[in-house]
Amino acid sequence: MRSYIKSTYEYTKLRKNFGRQPLFQDVPAHLIDSINPDREEQKQYMLRNPVHREIQATMPQSEHDANTKQLIMHEQGINHTEGGWPRDVHLYNEDHLARHRRRVQHEDGYVHAISNLKPQVEHYIDQNNAIDMYQTYFAGMDARAPVEKYNVQIANVFKDTYKRPVSCIVWTNEKKSKLAASYSYQEYTADKSSNNRTVSYVWDVNKQTSPLYEFYPESSCWRLAPSPDNPDILVAGLENGTINIFDIRNNQDAVSKSSVYNSHKGPITGLLYLHSRTNSEFFTGSPDGQCLWWDIRNLFKPMDQLFMSVRQAQNVEPSFSTAEGVSCIEFDRGLPTKFLTGTESGLVINANRMGRSHSEVLTNYWNAHSGPVRAVHRSPCTLRMFITCGDWNVRIWSEEVRTAPIIVTRPYLYQVTDVAWAPLRYSSYMAVCQGGVFHYWDLLRKYREPIATLQISKHGLTRLTPHPEGESIAVGDNCGSLYLLHLSENMILPGSQDKHLFHQIYDRETRREHILDNRVKEIRLKHRKDDAETHVSNERVDDEGVVKTAEIDYFKTANEELNKIDGLHFASSNFSE
């Protein structure tokens, strides 16, 4: 075995060859070298003023995991019978009750049971006697404003393959509601070939990958309405003015259709079910200026027709030439004979089907907006109040005031496309606009600005439909995306005094508008009276001038006649002499 031999190498150098000894000392800063910038690269550099973005060297990242406990809920009913009487004892028969009491009281176990319960009952009685149930604790503490956090979250997104604008969104009438959505280009300047794809979908709210059902209208679908008693029946209002009935359980095509000769002359912009015993009647509106009433069992021809003519002469018969184009309709089951209609010219018409003549049916109207009325809805707090949206404004109206809205919010930055009241929270409403922003208002909390806003999409939003229970909101945009929003609990449920307080707001604002309206009438009457007095005084001044002129002419003529008479008398006297 070899032994380990260490390799060594010796390096030798004379001390004089090491160089001079380094001596360090502090000296002021001086420029050693300067590198001039490249002029060509400098020309490509551009200054940005102002700068609205902060840039860091590293991207902030965060991660959070949470595993919540699963909440298992089940429904269970309780049958409570008074006193826990046996089945063979009739509760409304005093003899049976007295006989059963005597039988139980004579048993040996009854006395022992009462004796054992005595200490426990006495303990509870002593506790109740020692506690003042009506005492107000912490009454001396200063009251603090409650801290409420409003939260709006996007729970799911359902996308259309063809990226068509969402034209209508409805919730089916069942325990686990589904979303039915139609898609269409509703602008007349759009390419008509883009509306050749007429497929519409029914979505499951928990499944975003593919729709639950598909159905194919014969034309582009503008409005949908689910049946009140059968969630699988859908009524579709089409671009060509016809009605299609779909049963999504059986077939993708329509099971019943209306004829183009007995339908609307334009696209259907309003479709709602009516209050009837059979739940088979609905009515529609269109820009052709008429509302039609239908029965789902017979689409051969409409049951009734009404021209929306409110600005016409008294002796002129209503027709297509004098009718206002319908842009939206509203119906509430609390008023089964009345409905509201928004028009393309910015009017909101109040109609009553019980009227005998045309003027009694179309009772009155409001000049709501400068453009088409996009949506109109009655308030769940009081049916005398309704909300409208159009152009850049959202306005709240009262049927008792016909001159002006009672509540007007500040104008939006973009055009408002849809608005809806919160189903359960009486003082709240929601609005969407072309900027892709969702706004949630609560008039009891904030009067001049929304309490919550959320940028949902970079495209304009088109439709807004809340769930009847108020927790979920469905919003559609111009690119075919259907967003499902979830609200926090304090934005869903009302407070104990919300309805009463909002009634006070309605009464106060209505009274204020009445006072302002009466004041304006007084000012106008005063101006009219002043104008009449000025006119009378001017006439009086003119009459006095005429009288004076007549007097001057009279006296002038009289003097001339007198002079002539004097001249004749003087000539006769000379002749006699």
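All heavy atoms count here, side chains included; hydrogens, waters and symmetry mates do not. Here the structure is a predicted model, which means the values were calculated and not measured.
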- Ion pair Asp204/Lys207, N-O distance below 4.0 Å: no

- Lys/Arg-Asp/Glu bridge criterion (N-O < 4.0 Å) met for Lys175, Glu75: yes

- How are the rings of Trp293 and Phe283 set to each other: parallel, tilted or perpendicular (split at 30° and 60°)? parallel

- Between Val157 and Ser481, the two heavy atoms sitting closest are CG1-CB, 4.3 Å

- Query: Which pair of non-hydrogen atoms, one from Ser280 and one from Thr278, has the smallest distance, and what is that distance?
  - Reply: OG-OG1, 2.7 Å

- For Trp366, is the NZ or CZ atom of Arg395 found under 6.0 angstrom from the centre of its six-membered ring and inside 45 degrees of the ring axis? no

- Item | Electrostatic pair Arg249-Asp232, nearest N-O below 4.0 angstrom | yes

- Query: Are any of the side-chain nitrogens in Lys159 or Asp477 under 4.0 Å away from the carboxylate oxygens of its partner?
  - Reply: no

- Query: Are Tyr426 and Phe502 close enough that their ring centers fall under 6.0 Å?
  - Reply: no

- Task: Give the C-alpha distance, both sets of side-chain angles, the deciding distance and a yes or no for ring pair (Phe, Tyr, Trp, His ring centres under 6.0 Å) between Tyr412 and His439.
- Result: CA-CA 10 Å; Tyr412 287 73; His439 302 270; 5.0 Å; yes

- Item | Heavy-atom side-chain contact between Tyr506 and Ser398 under 4.5 Å | yes

- Query: Where the side chain of Ser177 meets the backbone of Glu174, is there a donor-acceptor pair that is under 3.5 Å apart?
  - Reply: yes

- 4.5 Å side-chain heavy-atom contact, Arg448 and Arg410: no

- In terms of ring plane angle, is the pair Phe282 and Trp294 parallel, tilted or perpendicular, where the classes change at 30° and 60°? parallel

- Query: Would you call Glu218 and Asp253 a side-chain contact if the rule is heavy atoms closer than 4.5 Å?
  - Reply: no

- Would a 4.5 Å heavy-atom cut-off, applied to side chains only, mark Arg197 and Thr161 as touching? no

- Query: Taking the six-membered ring for Trp, are the ring centroids of His467 and Trp171 within less than 6.0 Å of each other?
  - Reply: yes

- Out of Asp247, Asn244, Val235, Ile245, which residue meets the side-chain contact (heavy atoms from CB on, under 4.5 Å) rule with Ser256? Ile245

- Heavy-atom donor-acceptor pair, Thr465 side chain to Val170 backbone, under 3.5 Å: no

- Query: When the ring planes of Trp203 and Tyr201 are compared, do they come out parallel, tilted or perpendicular, using 30° and 60° as the limits?
  - Reply: perpendicular

- So do the side chains of Val437 and Leu413 get within less than 4.5 Å of each other, counting heavy atoms only? no

- Query: Is Thr269 reaching over with its side chain to a backbone N or O of Val326, donor-acceptor style, under 3.5 angstrom?
  - Reply: yes

- Message: Can a side-chain donor-acceptor contact be found between Ser184 and Gln186 if the only test is distance below 3.5 angstrom?
- Response: no

